[in-house]
Structures are given as structure tokens and as C-alpha cells.
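For reference, the structure is listed below as C-alpha cells.
Note that this is a predicted model, so its numbers are computed, not measured.
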Amino acid sequence: MTNALDILTLRAGYGAINVLWDVSLSVETGKTTVIVGPNGAGKTTLLRAIMGLVPATSGDVRVDGQSRKAVKTWDRVADGLVMIPEGRMIFPDMTVEDNLMMGAFPRGCRRDWKRNKAMVLDMFPRLAERRGQIAGTLSGGEAQMLAIGRGLMEQPRVCLIDEPSLGLAPVVVDEIFRILARLRAEGLTILLVEQNTSRALKIADHVYLMQSGKVVLSERGDRVDLDRLHALYFAHETAA
């Protein structure tokens, strides 16, 4: 089976500062792939490079086996790559419903917007209750739900999710991970960046650990030893 997404020896960064050093990983269709690592490991830069927001200087990004390295960001969205960014990045002066409709803006998503919106509001009842509310007045957890819902309106084939639990109360984190588990069970292909390793491992089919812009561990989710992962995470030991 062709992977939904393959990253091959990718190098990328910001101007003269290189961040990613020959990063390679694969995201299997219908599975949840998790990337963990400390701050500054290059996780967010990797997601941005996959979307074309950060230019790759070498290596490749392949969707269903086809190179997309030279493709503009908006055309990668048309391929089904959707990123839910760290920090939510909702439109604060627009209503909840209008934020969701922005997710349906790509041409390929417009035909099914009613069905998709109904699905999102069913998944997030609080958004249904607040559909006419200005998004900037939402709580952090509600804003994260809105960001995820907006991404789902784009009918992703591969959904890149960056730190969805960051800064949220434990009860809200529980709800976010219930939603991620539901999306996994429904067969959505997910590439998740998350610092809450114990929670992320519960829904991970495959786990990659990044350190200093490199992948230092790649294992199936059900084979990861959490204690060893944390030792590698905090650089108390090195990968064999």
C-alpha cells in the first residue's frame, strides 16, 4: 500500500538557519502517526515544510507517492493536506460559523459544505451552541475545537495537527483526545505533533522522536517503551 505521505531526507529552515537535517518519515493511510520531541526539535518547522510554508532546500515531500516539493501551499491543500496550526489561529473577529465556512473555501470542499458542517457541529456540540458567537470570545478549549472543526471542513486526506493540547486545562485535553481517538477510529490519516507523550502514545500507530532537527527514534506505537522514550526525549541516553 502506498503511504499517504512520505518525507524523504528533507532539509529546511529559515534563511541561512537550517532546522531540519535529512528528516525522513512515513505516514500510513488511515493511521495516526505521532511526532514527539522537546522544544526546538524542529517539529513545527517540519509541518510547515510539508505544507510548503517553509521552503525545502533538499529532499522531498510525496503525497500518494507523487512529489509535491515544487507545489504551492494552496495546491497542497487541494491535494488533501490540511494543517491545524499551533496556537489555533482562528479568525477572532468572525463568528464561529463563519470560521467554519472559511474551511470550506477550497473549491473541492464547497459542494459538501452542508454535510461537513453538520458533521463538525455534531462532533463539537459546544460549537453548535456558539455558532453565532464571535470567535475571539471563545475559551482556549473552544477555540481549539473550532480550529479542528475548520480543518475538518476542508475534507483532509492527511490532517497535520500541531500541539492541540498546548495550554489547555486537563478536562479540555481529555475532550480533545477523545475527538482525536474518534477521528482515528473513523480512518482519518493524522500526523500529530504533541508534547504530552503519554496521551499521544495511546492513539499512536507509529511514533517518531525528533531531537535537534533529526529523527532519532522510529517505532510502532504499541512497541514504544515510555520510560526509554522519555530518556531519549530529555537526552539522558542516545538511540542505538
Query raised in the report: Run the side-chain contact (heavy atoms from CB on, under 4.5 Å) check on I35 and L192 step by step: do they pass?
Result: CA-CA 6 Å; I35 302 174; L192 171 67; over 6 Å; no
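- One finds the CG atom of L180 at 13.5 Å from the NZ atom of K202 (value rounded to the nearest 0.5 Å).
- A heavy-atom distance below 4.5 Å is found between the side chains of L100 and L146.
- Atom OG of S24 sits about 5.5 Å away from atom CG of L8, to the nearest 0.5 Å.
- For the atom pair D222 CG and R220 CZ, the distance stands at 4.0 Å (nearest 0.5 Å).
- Residues L81 and M51 meet the side-chain proximity criterion, which asks for heavy atoms closer than 4.5 Å.
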Requested in this report: Output, in order, the C-alpha distance, side-chain angles, deciding distance and verdict of side-chain contact (heavy atoms from CB on, under 4.5 Å) for C109 and M153.
Outcome: CA-CA 7 Å; C109 308; M153 290 289 291; over 6 Å; no
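- Between M102 and D98 the shortest side-chain heavy-atom distance does not fall below 4.5 Å.
- Within a 6.0 Å sphere centred on NZ of K69, other residues, nucleotides and ligands contribute more than 12 heavy atoms.
- In terms of heavy atoms, R184 sits closest to I190 at N-CD1, 4.2 Å.
- Scanning for side-chain hydrogen bond (donor to acceptor under 3.5 Å, both in side chains) contacts around D162 gives T44, with sequence neighbours left out.
- Annotation: side chain of M145 is in contact with side chain of I176 (closest heavy-atom distance under 4.5 Å).
- In this structure, the side chains of M123 and L183 come closer than 4.5 Å at one or more pairs of heavy atoms.
- Across all their heavy atoms, G37 and L209 have their closest contact at CA-CD1, 3.8 Å.
- Partners of R182 according to the salt bridge (charged side-chain N to carboxylate O under 4.0 Å, His left out) rule, which considers only residues two or more places apart in sequence or in another chain, are D122, E186.
- No single ILVMFWY cluster, assembled from side-chain heavy atoms under 4.5 Å apart, contains both V77 and W113.
- Shown here are the salt bridge (charged side-chain N to carboxylate O under 4.0 Å, His left out) partners of E175, two or more places apart in sequence or in another chain: R126.
- Under the rule for a salt bridge (charged side-chain N to carboxylate O under 4.0 Å, His left out), the partners of R115 that lie at least two apart in sequence or sit in another chain are D112.
- Contacts of P92 classified as side-chain contact (heavy atoms from CB on, under 4.5 Å), with partners at least two apart in sequence or in another chain: none.
- V96 and F91 fall into different hydrophobic clusters, where Ile, Leu, Val, Met, Phe, Trp and Tyr residues are linked whenever their side-chain heavy atoms come under 4.5 Å apart, directly or through other members.
- A donor-acceptor contact shorter than 3.5 Å is absent between the side chain of N3 and the backbone of D6.
- The shortest non-hydrogen separation linking A49 to L10 is CB-CD2, 3.9 Å.
- A 6.0 Å sphere centred on CZ of F105 holds no more than 12 heavy atoms belonging to other residues, nucleotides or ligands.
- For the side-chain hydrogen bond (donor to acceptor under 3.5 Å, both in side chains) test, residues two or more places apart in sequence or in another chain that qualify with N39 are Q195.
- Applying the side chain to side chain donor-acceptor pair (under 3.5 Å) rule to pairs touching residues 75-84 yields R68-D79, sequence neighbours excluded.
- Side-chain heavy atoms closer than 4.5 Å link hydrophobic residues (I, L, V, M, F, W, Y) into clusters, and following such links, possibly through other members, connects F124 to V172.
- When all heavy atoms of A181 and I203 are compared, the closest pair comes out as CB-CG2, 4.1 Å.
- V36 and L201 fall within the same hydrophobic cluster, where Ile, Leu, Val, Met, Phe, Trp and Tyr residues are linked whenever their side-chain heavy atoms come under 4.5 Å apart, directly or through other members.
- A salt bridge is defined here as a Lys NZ or Arg NE, NH1 or NH2 lying under 4.0 Å from an Asp or Glu carboxylate O, and K43 with E86 fails to meet this definition.
- Comment: R130 engages E142 in a salt bridge, judged by a side-chain N to carboxylate O separation of less than 4.0 angstrom.
- Side-chain contact between L188 and L152 is present, with at least one heavy-atom pair separated by less than 4.5 Å.
- With sequence neighbours excluded, no residue forms a side-chain hydrogen bond (donor to acceptor under 3.5 Å, both in side chains) with S212.
- Between Y208 and H206, the ring-plane angle classifies as tilted under the 30° and 60° cut-offs.
- Within the structure, side chain to side chain donor-acceptor pair (under 3.5 Å) pairs that include any residue of residues 146-155 comprise N116-Q155 (at least two apart or interchain).
- By the 6.0 Å contact criterion, CD on Q66 is open, its count of non-hydrogen atoms from other residues, nucleotides or ligands being 12 or less.
- Listed by chain and number, the residues in a side-chain hydrogen bond (donor to acceptor under 3.5 Å, both in side chains) with R223 amount to none (sequence neighbours excluded).
- The heavy-atom pair separating L217 from E219 by the smallest distance is CD1-OE2, 3.8 Å.
- Under the 4.5 Å side-chain criterion, counting only non-hydrogen atoms from C-beta, I50 is in contact with L191.
- Atoms CZ and CG, from F177 and N196 in turn, are 5.5 Å apart once rounded to the nearest 0.5 Å.
- For the atom pair CG of L229 and CZ of F234, the computed distance is 9.5 Å after rounding to the nearest 0.5 Å.
- For R131, the salt bridge (charged side-chain N to carboxylate O under 4.0 Å, His left out) criterion is met by E97, not counting sequence neighbours.
- Under a hydrophobic clustering in which Ile, Leu, Val, Met, Phe, Trp and Tyr are joined whenever their side-chain heavy atoms come within less than 4.5 Å, directly or via other members, V34 and I179 fall into the same cluster.
- Atoms OG1 and CG, on T95 and L138 in that order, are 10.0 Å from each other to the nearest 0.5 Å.
- In summary, of the residues considered (M89, E163, Q144), a side chain to side chain contact (heavy atoms under 4.5 Å, CB included) with I84 occurs for Q144 alone.
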Just list the side-chain donor-acceptor pairs under 3.5 Å for residues 53-65, sequence neighbours left out, or say none.
| from | atom 1 | to | atom 2 | distance (Å) |
| --- | --- | --- | --- | --- |
| T57 | OG1 | R11 | O | 3.3 |
| D60 | OD1 | S67 | OG | 2.7 |
| D60 | OD2 | R62 | NE | 3.0 |
| D60 | OD2 | S67 | OG | 3.1 |
| D64 | OD1 | R157 | NH2 | 3.2 |
| D64 | OD2 | R157 | NH1 | 3.3 |
| D64 | OD2 | R157 | NH2 | 2.4 |

Query - Worked check of side-chain contact (heavy atoms from CB on, under 4.5 Å) between L46 and V193 - result: CA-CA 10 Å; L46 175 59; V193 165; over 6 Å; no
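- You'll find the side chain of V207 stays beyond 4.5 Å of the side chain of T197, heavy atoms only.
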